[in-house]
Amino acid sequence: MSHEKPQANSAPAIAIADIEHALVVDDPREWSRSRKWCVLATVSAASVVAGLSGTMYNPALSQVQEQLHASSSALAWSLSLFILLQGTLPLVWSALSEFWGRKKVYLVSTALCTIGCIVAALSKTIDVLIGMRCIQALGSSAVMSLGAATLADIYEPHERGTMMGIYYSAPLLGPSLGPILGGILTQAFSWRATFWFIAIFTGACFLLFIPFRDTYRRERSLTYQAALKRRRAIMSAKGSESSSITQVAAISRAITPKPENPSGASPGDAKKDAIETLARERDLEKQQMPPRAVPTDMDDLKLTIADVNPAKPLWYVLRRINNLVILVASGLIFGLSYCIAYTCSRTLANEYGYNVLKIGLVLLSFGAGCLGGSIFGGRYSDYVFRKLKARNGGVSAAEMRLESTIIFMPLLPAATIGYGWVCERHVNVAAICVLLFLTGLFLIAIYSSTLAYIVDANTGRSSSAVASNSCFRGTTAFIAAEVAVPLQDAIGDGGLYSLWAGLMIFANILILLVLWKGEAWRRKWEVKEAGGKRSVVTTNPPTS
């Protein structure tokens, strides 16, 4: 009888390897177009909270300092802690979403954000306000990481660039509209009105998530499957151990000691022979007795909060070199966007004498550029991706997503250094608006493609991958917030953004490195995680 080995490129191998297309009940990718748009609109609306929470508070800082008798260091903590927590806490939300599902995390996080904003609006001391800002960061951080994972649940890879661009344009409205809304509310009412506004907004998002249909399917989650495998192994080991002990006890009771000793051996020797016989026959007895049942169906086992380990999914993402390199590049790009929004306000206030409202209107040009870069960059990314896929015989690789960034690479450092020096020379504000728009356009056009790549390159771990991206993004934003003002005072806007232009060139080099070597790095870890079986390592299957 002959045995044929499965071919490496056979269809069954693809079906087994591609957990992203595992068969599920009520497949979100087969939902109607209108339902998918409803999901996109819901998560996009909720993601606006992240941007608004961080920027609406800024125009009210002087009023907060006066009314709560806060020191400058306390105000700085209320800003930097928010940034740091909003960037790192998505790791926890991501891990929870792999067990609870997306919907429960959305509901819990928006409820926490609403409560934090309400208590912050009623706070009487700066310490309470800082604590509630941390709760606000905890709640608002979830949607930023889970939104992209939700889109990965419902859209195929060749659609994600466009949809990621549309989705990511929503949180970009926050940094643009936040200072304007914050300034208007602070001048018309007080700093407390900014928190009441966000509380009402997040409360409305909470209501939107009540009828929300969950897009998460645990059959397509590598994190859930790995935890399930560990739990089954533990239960199987416990079941085998318990069964063996029961068998030994039962057989021991069945052995009746003989009263006579014809060989003259001692009773201790007879007992020793019985135990040796039992040991020799243990395997046979174990096969004959019915084994203790171990659940085999997924529904028979219910994982709990004890199975949640944010560190392990993060490690699985970061140990891949292609992920680590692209996350560093992505973090640097986001750090630039935060630094611009932070230092531009100081420049316009100190050098141009602008008030809060005028500063917000100028920053709208940066927001408009980011919005255009998100929508246009996403569509262009999908166009290049489909073109390369067709040229490759209908077979795609995640690294194809990064090809679209090449055209923007030389433009971003040029726009960055140009913006710094027009601010340094105090050129007409129209020049600042133009360069803010161009910088935002090129920056987010690249960022949206790197974000889509992070999702595509981590099949079955999209939530953990996006959470890792948020962690890098939050860390670089925190560092940028801490060093931006000292550097701006020391070397001016020209020197500061010449330095950032150099960092953007470095980020471009990292992206090109992933474009060149990323597929080999990714395939290496896919083979290792699949147990060394190359037959199960495949690229994304052709999709219509």
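Sequential numbering from 1 along the given sequence is applied to the chain's residues. Please read all numbers here as calculations on a predicted model, not as lab measurements.
- Put simply, OG on Ser448 and CD1 on Ile333 are 9.5 Å apart, with the number rounded to the nearest 0.5 Å.
- No side-chain donor-acceptor contact under 3.5 Å links Ser374 to the backbone of Leu371.
- Nearest approach of Pro90 to Leu85, heavy atoms of both residues: CD-O, 4.1 Å.
- Residue pairs meeting the side chain to side chain donor-acceptor pair (under 3.5 Å) criterion with at least one member in residues 397-410, sequence neighbours excluded, are Ser381-Arg401, Asp382-Arg401, Glu399-Tyr453, Glu399-Arg522, Arg401-Asp456, Ser404-Ser449.
- For Phe209, the ring pair (Phe, Tyr, Trp, His ring centres under 6.0 Å) criterion is met by Tyr106, Phe212, not counting sequence neighbours.
- The main-chain N or O of Arg319 is found under 3.5 Å from a side-chain atom of Trp525 such that the two form a donor-acceptor pair.
- Residues Arg133 and Leu81 form no side-chain contact, since every pair of their non-hydrogen atoms from C-beta on lies 4.5 Å or further apart.
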Side chain to side chain contact (heavy atoms under 4.5 Å, CB included) assessment of Phe197 paired with Cys117: CA-CA 9 Å; Phe197 180 90; Cys117 291; over 6 Å; no
Test log, rule side chain to side chain contact (heavy atoms under 4.5 Å, CB included), inputs Phe82 and Ser53: CA-CA 9 Å; Phe82 180 90; Ser53 299; 3.4 Å; yes
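- Take Phe437 and apply the ring pair (Phe, Tyr, Trp, His ring centres under 6.0 Å) test, not counting sequence neighbours, and it matches no residue.
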side-chain hydrogen bond (donor to acceptor under 3.5 Å, both in side chains) evaluation trace for Thr150 with Tyr167: CA-CA 11 Å; Thr150 299; Tyr167 158 73; over 6 Å; no
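- Taken to the nearest 0.5 Å, the CG atom of Asn322 stands 9.0 Å off from the CG atom of Leu327.
- Counting only heavy atoms from C-beta outward, the side chains of Ile340 and Thr416 never approach each other to under 4.5 Å.
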Verdict with supporting geometry, Met409 and Leu512, side chain to side chain contact (heavy atoms under 4.5 Å, CB included): CA-CA 10 Å; Met409 285 183 177; Leu512 289 173; 3.8 Å; yes
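- A donor-acceptor contact shorter than 3.5 Å is absent between the side chain of Ser330 and the backbone of Ile326.
- Once rounded to the nearest 0.5 Å, the distance linking CD1 of Ile417 with CG of Leu499 reads 10.5 Å.
- Side-chain atoms of Asp493 and Gln488, non-hydrogen and from C-beta on, do get closer than 4.5 Å to each other.
- For the pair Asn392 (side chain) and Leu388 (backbone), a donor-acceptor distance under 3.5 Å is absent.
- Of all non-hydrogen atoms in Val43 and Gly147, the two that sit nearest each other are CB-CA, 4.4 Å.
- Considering only heavy atoms from C-beta on, Cys433 comes within 4.5 Å of Val362 through its side chain.
- A donor-acceptor pair under 3.5 Å is formed between the side chain of Asp214 and the backbone N or O of Arg102.
- Residues Trp31 and Arg213 are in side-chain contact: their nearest non-hydrogen atoms beyond the backbone lie under 4.5 Å apart.
- Contact check for Tyr497 versus Leu336: side-chain heavy atoms found under the 4.5 Å cut-off.
- Rounding to the nearest 0.5 Å places CZ of Phe408 at 6.5 Å from OH of Tyr380.
- For the residue pair Gln136 / Thr202, no side-chain donor-acceptor distance below 3.5 Å is found, with atom types taken as modelled.
- Around atom CZ of Arg346, more than 12 heavy atoms belonging to other residues, nucleotides or ligands sit under 6.0 Å away.
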Derivation and outcome, side chain to side chain contact (heavy atoms under 4.5 Å, CB included), residues Asn458 and Arg320: CA-CA 10 Å; Asn458 292 276; Arg320 294 187 180 188; 4.2 Å; yes
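- Residues Asn469 and Tyr447 form a side-chain contact, since some pair of their non-hydrogen atoms from C-beta on lies under 4.5 Å apart.
- Listed for the Lys103 side chain is no donor-acceptor partner under 3.5 Å among the backbone atoms of Thr215.
- Proximity of Ile406 to Leu515: side-chain heavy atoms (C-beta onward) are separated by under 4.5 Å at one or more points.
- Counting only distance, with no hydrogens or angles, the side chain of Lys36 and the backbone of Tyr155 share no donor-acceptor pair below 3.5 Å.
- Between atom SG of residue Cys423 and atom CG of residue Leu435 there is a gap of 8.5 Å, rounded to the nearest 0.5 Å.
- Between Phe385 and Ala397, the shortest heavy-atom distance links the atoms CE1-O, 3.7 Å.
- For the residue pair Ala152 and Val455, the shortest heavy atom distance occurs at CB-CG1, 3.5 Å.
- Counted by atom type alone, Ser468 and Asn323 present zero donor-acceptor pairs between their side chains at under 3.5 Å.
- Taking OG of Ser47 as the reference point, atom CG of Leu146 lies at 11.5 Å (rounded to 0.5 Å).
- Considering every non-hydrogen atom in both Gly139 and Leu112, the closest pair reads CA-CB, 4.3 Å.
- Under a 3.5 Å cut-off, the side chain of Trp93 and the backbone N or O of Leu138 do form a donor-acceptor pair.
- Contact between Val328 and Phe472 at its shortest, heavy atoms only, is CG2-CE2, 3.9 Å.
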